[in-house]
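Chain identifiers are assigned alphabetically (A, B, ...) following the order of the sequence lines, protein sequences preceding nucleic acid strands; residue numbering begins at 1 within each chain. Computed from heavy atoms alone, side chains included, the values below leave out hydrogens, waters and symmetry copies. Keep in mind that what you see is a predicted model, and the values were worked out from it rather than measured.
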Amino acid sequence: MLEGQYEAKKVEDKIYKLWEESGFFNPDNLPTRHKKPFTIIMPPTNANGNLHAGHALVMTIEDIMIRYKRMEGFKALWLPGLDHAGFETQVVYEKKLEKEGRSRFKMEGAELYKEIWAFTEENKTHIRNQVKKMGASCDWSREKFTLDQDVVKTVHKTFDKLYKDGLVYRGKRIINWCTKHQTSLSDLETSDTEQQDKFYYLKYGPFIIATTRPETKFGDKYVVMHPNDKRYAEYKEGQKIDLEWINGPITATIIKDEAMDMEMGTGVMTITPWHSGVDFEISERHNLEKEQIIDFYGKLLPIAGEFAGMKILEARPKIIEKLQQKGLVEKIEENYKHTVKTCYKCNAIIEPQIMNQWFVKMDPLAKKAAQAVRAKKITFIPDNYRKIFLHWMDNTIDWNISRQIVWGIPIPAKICDSCNAGFPDLDNKVIACPNCKKPVRADKDTFDTWFSSGQWPLVALNYPDKKDFKTFYPTNVMESGADLIFKWIPRMVIFGLYLAKKVPFNTVYLHGLVLDAKGQKMSKSKGNVINPLDLIEKYGTDALRINLVVGNTPGTSLPLDENKIRGYKNFANKIWNASKFVLMNLNDYSPKTKVVYNAKQKKILKDLQKIVKNTTKQMDSFKFYLASEEIYHYFWHAFCDKIIEEAKPALIEGANKKQRQATQQMLLEVLTTNLKLLHPFMPFITEEIYQQLPVKGKKEFLMIESWPK
RNA sequence: GGGUGAUUAGCUCAGUUGGUUAGAGCGUUGCAUUCACAUUGCAAAGGUCGCUGGUUCGAGUCCAGCAUUACCCACCA
């Protein structure tokens, strides 16, 4: 019997354990009616911390889809996983080391790797428990980690295949270098920060050039202007000009390039190809010499003469002082506003550097991804993300996949320092460079984490092994945060098409951010982070889950309001009490009794059919926000407020027996159907109640009941 | 500079192909209560649907422009 108020804590862990023991999370164990596969691969959770509110939303939405499809009779697989999350995790661990007064730069790579491995193992245990707390009905027997041996093996093979197909190359290109973390970063791993600096106008021979970074100017021997700039028409491409510069006389060469903006500054600039993206491109176009001025720790190299060895910011005023003494400073503009690229993790200013790195040639791969999307092989929810995807795929730049960190999948390659060649060597056999015959060394770098997570749907299903892959690939839905529309989603499409020749999923469902009650982004620095486990503790998982769904349209961010969650806790209690009432009146009920419904009862059941039909339609079109709201409303304001209230007279002592039986049957029918409809959203309470109902043809679990028709 | 959204009740948001008096949750106010539930019930207040114009018999919904706002991308000598 149900008693008192609903107490989530007494129910949730117990029910989850029962489900887990049933084995039904594993589609192979589902009853025979479950034939057609339905698959969601869980986005791999970063194994470097705890679940946050965003994860709670992921778990809720995906579990709703899976439970719904499972009840509909699909062979439902929801495959959980964890990501080593390369740089992200290493940064988290480095912060931990810093707190302990240690540094990764004083550690052996292997030692650091071992420590981070232990760290992620510990996190994995916590994360699993937290995912279970959310009620996630995922198949733990298939859990994957992006550093599992078979994953590493597949990722290595992909690298090799890309190389052989000419889609991976080792290039000496300009990259984003973080001087703190000592690694290169992709463009997506940098952010823009606005800051105010002094803007120096310097006399460069007959020209005035403006710069915020005089410390890069030591090697500047090319002066660039627009070919159509009339002010400088007298100067010809390739013309040499002798002039006095920071550390003595130099010879500058005139370059004309259309990348110049005539409106900006004086319309003339000198270039530093080693430390600026734009300058690098100009120098590539004109085949100019490039020289490194700043080392990887942000210190000036010997080319800086007396300033060599100084840190940039220390050297800057001293350089200006010297230039002033030489009369080469025209003017200094204070408080010049501009933006600089910074490391998205430590906010250190990115120092562009030219380095030998591995790159993926994106254009041919992206074209195929765009083609598949244009051919409607993938549906985006909400639809406008399709445009964003295509825009991204139509404007790609080559992807730097090497990182100078230990935490990640090692790049299985050999490097020749003599001729700068690099080539895959999966079996670790090559000892001499095939180009110049000189000895080679093993590449110490690791892959960008997106290189492996980009292959996630494949490796999660043990590709190229056929068993699961054949049954569950392509998967049905990829559900993910909207911010991953260009970081992750395209890479999965690209690798899916490249390796398996099929898109990895047919639908992409994107959810927005979970914000605090005031609509602010949650962040540790603001101190407004809400821990989902605290909410579960206070209100129960079911209340949290339905709160995350009702009224939350895909792609839109959602403020997390505790008042609202409290409302859904009340709803859980309402479900509990209504069920308690129905059960209280079923003591003389038998499912075998034949009953005849009166007109009113027939109408109630007919109305219920409408609700079922509508809800199903909304579930099928991924409108969980509407489906949940409709059931909520029906349960509370139709079932409780009207149907139960109006049924009371027929249940009291001394009422007509036939009428009582028909009323019992009707109430039970409506209640059971409601529990089924509610189950994907509020799995715990509905399962607990279902277990106690005298339902005709009852299944072992509500979880595997049939979705009402 | 480019892109994508948003703008509807005090707050957070729905409103499906244009069709009577525009909805929900939370909040607010009043009343009720030995009844499954006070974690309740009943009732109420509250919106010229950002602005301007257009299409239409009819516009919150479609089109154009504007304003405000959020996020994303690029550039910044």
Of the options [options], whose atoms approach the side-chain atoms of [X] most closely?
{"X": "I388(A)", "options": "C72(B), A77(B), U4(B)", "answer": "U4(B)"}
{"X": "D192(A)", "options": "C75(B), A77(B), A14(B)", "answer": "C75(B)"}
{"X": "Y632(A)", "options": "G25(B), C73(B), C75(B)", "answer": "G25(B)"}
{"X": "T556(A)", "options": "A14(B), C35(B), C73(B)", "answer": "A14(B)"}
{"X": "T553(A)", "options": "C26(B), C13(B), U4(B)", "answer": "C13(B)"}
{"X": "Q5(A)", "options": "C26(B), C13(B), U39(B)", "answer": "U39(B)"}

Send over the distance from [X] [atom1] to [N] [atom2], rounded to a whole Å.
{"X": "K580(A)", "N": "C37(B)", "atom1": "NZ", "atom2": "P", "answer": "6 Å"}
{"X": "M393(A)", "N": "C73(B)", "atom1": "CE", "atom2": "C1'", "answer": "13 Å"}
{"X": "F581(A)", "N": "U39(B)", "atom1": "CZ", "atom2": "P", "answer": "20 Å"}
{"X": "H637(A)", "N": "C37(B)", "atom1": "NE2", "atom2": "P", "answer": "18 Å"}
{"X": "D229(A)", "N": "A77(B)", "atom1": "CG", "atom2": "C1'", "answer": "13 Å"}
{"X": "I282(A)", "N": "A77(B)", "atom1": "CD1", "atom2": "C1'", "answer": "9 Å"}
{"X": "H391(A)", "N": "C72(B)", "atom1": "NE2", "atom2": "P", "answer": "16 Å"}
{"X": "I255(A)", "N": "A77(B)", "atom1": "CD1", "atom2": "C1'", "answer": "16 Å"}

Check your understanding: When only distance counts, do a donor and an acceptor, one from the side chain of K623(A) and one from the base of A14(B), lie under 3.5 Å apart?
Key -> no
Practice item. Record whether the side chain of E630(A) comes under 3.5 Å of the base of A14(B) through a donor-acceptor pair of N or O atoms. Key: no
Rounded [atom1] spacing from [N] to [M] in Å:
{"N": "G46(B)", "M": "A22(B)", "atom1": "C1'", "result": "13 Å"}
{"N": "C62(B)", "M": "U69(B)", "atom1": "C1'", "result": "24 Å"}
{"N": "G41(B)", "M": "G58(B)", "atom1": "P", "result": "44 Å"}
{"N": "A67(B)", "M": "A77(B)", "atom1": "C1'", "result": "35 Å"}
{"N": "U16(B)", "M": "C63(B)", "atom1": "P", "result": "14 Å"}
{"N": "A9(B)", "M": "G27(B)", "atom1": "C1'", "result": "11 Å"}
{"N": "C73(B)", "M": "C57(B)", "atom1": "P", "result": "46 Å"}
{"N": "G53(B)", "M": "A59(B)", "atom1": "C1'", "result": "13 Å"}

Review point. Which word best sums up how the rings of W576(A) and Y6(A) line up, parallel for under 30°, tilted for 30 to 60°, or perpendicular for over 60°?
Key: tilted
Check your understanding: In terms of ring plane angle, is the pair Y509(A) and F622(A) parallel, tilted or perpendicular, where the classes change at 30° and 60°?
Key -> tilted
Does a nitrogen or oxygen in the side chain of [X] sit under 4.0 Å from OP1 or OP2 of [N]?
{"X": "N570(A)", "N": "U40(B)", "result": "yes"}
{"X": "T270(A)", "N": "A77(B)", "result": "no"}
{"X": "W636(A)", "N": "G41(B)", "result": "yes"}
{"X": "K487(A)", "N": "C72(B)", "result": "no"}
{"X": "Y6(A)", "N": "C37(B)", "result": "no"}
{"X": "K564(A)", "N": "C13(B)", "result": "no"}
{"X": "K574(A)", "N": "G41(B)", "result": "yes"}

Exercise for review: Classify the side-chain pair K580(A)/N577(A) by whether it contains a donor and acceptor separated by less than 3.5 Å.
Suggested key: yes
Exercise for review: Would you kindly say whether E330(A) and Y204(A) are connected by a side-chain donor-acceptor distance under 3.5 Å?
Suggested key: no
Quick one: label [X] by what it contacts on the DNA or RNA (base, sugar-phosphate, nothing), any heavy atom closer than 4.0 Å.
{"X": "I644(A)", "answer": "base"}
{"X": "N563(A)", "answer": "sugar-phosphate"}
{"X": "D641(A)", "answer": "sugar-phosphate"}
{"X": "Y539(A)", "answer": "nothing"}
{"X": "V582(A)", "answer": "nothing"}
{"X": "E629(A)", "answer": "sugar-phosphate"}
{"X": "F199(A)", "answer": "sugar-phosphate"}
{"X": "Q618(A)", "answer": "nothing"}
{"X": "K387(A)", "answer": "sugar-phosphate"}
{"X": "Y625(A)", "answer": "sugar-phosphate"}

Practice item. Step through it carefully: locate the ring centre of Y68(A), locate the ring centre of F624(A), and say whether they are under 6.0 Å apart. Key: no
Closest non-hydrogen atom pair between [X] and [Y], with its separation:
{"X": "V268(A)", "Y": "I209(A)", "result": "O-CG2, 4.0 Å"}
{"X": "Q353(A)", "Y": "I294(A)", "result": "NE2-O, 3.1 Å"}
{"X": "N585(A)", "Y": "Q664(A)", "result": "O-NE2, 2.7 Å"}

Point to revise | Most 5' of K642(A) and M260(A) on RNA chain B, judged by nearest nucleotide | key: K642(A)
Revision key, fill the gap. Assign each of V268(A) and H633(A) the nucleotide of RNA chain B bearing its closest heavy atom; nearer the 5' end lies the nucleotide of H633(A)
Check your understanding: Are the side chain of E189(A) and the backbone N or O of S186(A) linked by a donor-acceptor pair below 3.5 Å?
Key -> yes
